[in-house]
Amino acid sequence: MPTYQEIVELEQQYLLNTYARYPVAFDRGKGVYLYAVDGKRYLDFLSGLAVNSLGYSHPRIVKAIREQSARLIHLSNLFYNEYQGQLAEKLCRKSGLDRAFFTNSGTEAIEGALKLVRAAGHATSGPNKTMIVALENSFHGRTMGALALTAQPKYRQGFDPMLEGVRFVPRNDVAALQAAMDENVCGIVLEPIQGEGGIYETTPDFLQACRRFADQRQAALVFDEIQCGMGRTGKLFAFEHFGVAPDVVCIAKPMAAGFPMGAFLSKESFAQFITPGRHGTTFGGGPLACRVALEYLAIIEEENLLERVQRVGAYLSQKLQELVEKFAIAKEARGVGMIQALQLTVPGKPILAGAMADGLLFNITQDTVLRLLPPFLIEEKHVDSAVRILKRHLAAAQKAARQANVATA
Ligand code: PLP
């Protein structure tokens, strides 16, 4: 087994320098815990960034992977496999949508959805109906299409020219949305809860307006539920909380319990414009990924995990609210279920560093947001442990902020 130092040195020499990694290497996980190469245990409030919703080494997932990998891992999409249709049926029934396309990641689901709404625009109204409306502060992925929908300059800088035909409006600004919705709009794409942007929810009023304007313009309403979907809010789809049904929904991250997989699901009225040869993938929808995703959905249902997400999520919300009341540097608690955040008035990195030293994992987004994306398996006692650690490091950060203020006063 290589040491932490050996792992880091090898990566630094040979990997593209894309990730500012946290200073730890893991080699196994069990339940809601990850174990570092030096044996240290971490309580996981990140889930591989909203992926490992069933924690680690879930026996049913391990069994499904074992069995299926011994039978058939990959099969070309030139052929039928028994699980793709079963999974599509299940997801369509649960979402109220009609057809599925399977991918290997979130960004590919967005790319496919983009092609779908453009194809529908062209087919129904001609070559000018190509405009996509997206939200400021969004994050939809790193490929060129998804990047063009991602409003944050830090992700776009240096990669111009962007895909044309995207305009941004502020989240929850109905008037700005209305102004953006001219006859050339073929789609609205948004995250019902912005994840990377800092856990910001859209309002039901805004989503209803999106639905209304999309209908008026025969445009598709596309929800990116790659981070907030597949159970993370306590409902399988986040849009179920808002009472607004999309035409297309993109999902990924946890849908095959850590095995790479994504999808977009679409209403027939839009799906009809993608015909054989117009879109495709080598790996997407392979038998192993589909079988594991079916197992994921079965576990969520049979173990009543959505109820648990709601119950433990409410407890987590209450505890975060208490932190807001106790610490001046904790400005606001946001989110629901297993997608929550604590907005700070100071940078979060030192708090994360301290928490990691105490064996707790989460992540910082937008510099000052503590983002918590725990596995669906956490219980109240895990929330208590996490909050205990957070308290300690919030207190230290608050003290440091006060001392800095005194020093500069
Ligand atoms: N959309 C949202 C809302 C996301 O949070 C992410 C990833 O964080 C993506 C799209 C891109 O997914 P992936 O990294 O699987 O390509």
Side-chain angles (χ1 to χ4, degrees), residues 8 19-24 32 34 36 40-50 136-139 151-155 157 170-172 191 193-201 227-228 312-374 378 380-409:
V8 171
Y19 303 111
R21 297 204 203 276
Y22 300 143
V24 59
V32 297
L34 267 171
K40 181 170 170 174
R41 189 179 83 160
Y42 292 74
L43 175 59
D44 182 18
F45 266 52
L46 184 59
S47 316
L49 256 164
E136 289 174 7
N137 197 46
S138 55
F139 183 85
Q152 305 179 58
K154 69 179 177 201
Y155 293 113
Q157 241 157 33
R171 183 187 60 252
N172 298 336
E191 301 155 84
I193 301 176
Q194 291 187 328
E196 195 281 338
I199 316 296
Y200 287 101
E201 294 184 49
Q227 187 164 148
C228 63
V312 181
Y315 186 70
L316 175 59
S317 298
Q318 180 201 322
K319 292 287 156 189
L320 292 182
Q321 194 50 46
E322 285 170 20
L323 294 180
V324 171
E325 277 146 32
K326 187 169 166 60
F327 294 99
I329 59 164
K331 197 167 123 196
E332 187 183 38
R334 292 191 291 266
V336 62
M338 297 295 119
I339 174 164
Q340 302 211 26
L342 193 62
Q343 174 71 59
L344 304 176
T345 58
V346 297
K349 260 194 188 151
I351 296 171
L352 174 62
M356 281 183 66
D358 283 349
L360 173 67
L361 290 179
F362 52 90
N363 138 280
I364 307 296
T365 188
Q366 305 294 331
D367 195 35
T368 54
V369 180
L370 303 192
R371 178 167 49 164
L372 307 174
L373 300 161
I378 60 157
E380 284 84 350
K381 66 177 183 192
H382 300 116
V383 172
D384 289 340
S385 303
V387 167
R388 211 175 309 120
I389 293 172
L390 278 178
K391 266 187 188 156
R392 189 175 313 143
H393 298 288
L394 283 165
Q398 183 150 300
K399 194 168 162 206
R402 288 210 169 120
Q403 276 167 356
N405 278 345
V406 170
T408 53

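Computed from heavy atoms alone, side chains included, the values below leave out hydrogens, waters and symmetry copies.
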* Asked: L344 versus L394: any side-chain heavy-atom pair under 4.5 Å?
  -> yes
* Would you please say whether a donor-acceptor pair under 3.5 Å links the side chains of E196 and Q366? => yes
* To do: Evaluate whether atom NZ of K381 has more than 12 neighbouring non-hydrogen atoms of other residues, nucleotides or ligands under 6.0 angstrom away.
  => no
* Asked: Short question: side chain of E191, backbone of F139 - any donor-acceptor pair under 3.5 Å?
  -> yes
* **Side chains of Y200 and N172 in contact at under 4.5 Å (non-hydrogen atoms)** => no
* To do: Begin from the C-alpha positions of I193 and Q227 and carry the test side chain to side chain contact (heavy atoms under 4.5 Å, CB included) through to its verdict.
  => CA-CA 8 Å; I193 301 176; Q227 187 164 148; over 6 Å; no
* To do: State the CD-NZ distance between Q321 and K319, to the nearest 0.5 angstrom.
  => 12.0 Å
* Can you list the steps and then say if D358 with H393 is a side chain to side chain contact (heavy atoms under 4.5 Å, CB included)? -> CA-CA 10 Å; D358 283 349; H393 298 288; 2.7 Å; yes
* Shortest non-hydrogen contact from A386 toward L43 -> N-CD2, 4.1 Å
* To do: For R21 and V8, indicate whether the former's side chain and the latter's backbone hold a donor-acceptor pair under 3.5 Å.
  => no
* To do: Heavy atoms only: give me the nearest G197-N137 pair and the separation to one decimal.
  => O-ND2, 3.1 Å
* Structure fact -> Nearest heavy-atom contact between T365 and G195 is CG2-O, 4.3 Å
* Asked: Hey, what do you get for CG (L390) to CG (L352), rounding to the nearest 0.5 Å?
  -> 9.5 Å
* To do: First locate atom CD of E322, then atom NZ of K391, and finally report the distance between them rounded to the nearest 0.5 Å.
  => 6.5 Å
* **Atom NZ of K40: over 12 foreign heavy atoms under 6.0 Å** => yes
* Asked: Distance-only, no hydrogens or angles: does the S47 side chain make a donor-acceptor pair with backbone N or O of P374 under 3.5 Å?
  -> yes
* Asked: Could you give the distance from CG (L34) to CZ (R41), rounded to the nearest 0.5 Å?
  -> 11.5 Å
* How far apart are the closest heavy atoms of A341 and G198, and which atoms are they? -> CB-O, 4.0 Å
* Asked: Among side-chain atoms of Q194 and S138, is any donor-acceptor pair under 3.5 angstrom?
  -> no
* Can you spot which of V369, L372, L323 makes a side chain to side chain contact (heavy atoms under 4.5 Å, CB included) with L342? => L323
* Check whether more than 12 heavy atoms from other residues, nucleotides or ligands sit under 6.0 Å from atom CZ of R402, and answer yes or no. => no
* Asked: Does the side chain of F45 reach to within under 4.5 Å of the side chain of I378, using non-hydrogen atoms?
  -> yes
* Asked: Short question: side chain of E332, backbone of Q343 - any donor-acceptor pair under 3.5 Å?
  -> no
* Asked: Looking only at heavy atoms, what is the nearest atom pair of I329 and A401, with distance?
  -> CG2-CB, 4.5 Å
* To do: Verify side chain to side chain contact (heavy atoms under 4.5 Å, CB included) between L320 and L370, making sure each step is shown before the conclusion.
  => CA-CA 11 Å; L320 292 182; L370 303 192; over 6 Å; no
* Closest heavy-atom contact between A36 and V24? -> CB-CG2, 3.7 Å
* **Chi angles and distances behind the side chain to side chain contact (heavy atoms under 4.5 Å, CB included) call for Y22, L361** => CA-CA 10 Å; Y22 300 143; L361 290 179; 5.6 Å; no
* Output the distance between atom CD (Q398) and atom CD1 (I351), rounded to the nearest 0.5 Å. => 9.5 Å
* Asked: So, do L49 and R371 sit near enough that their side-chain heavy atoms are less than 4.5 Å apart?
  -> yes
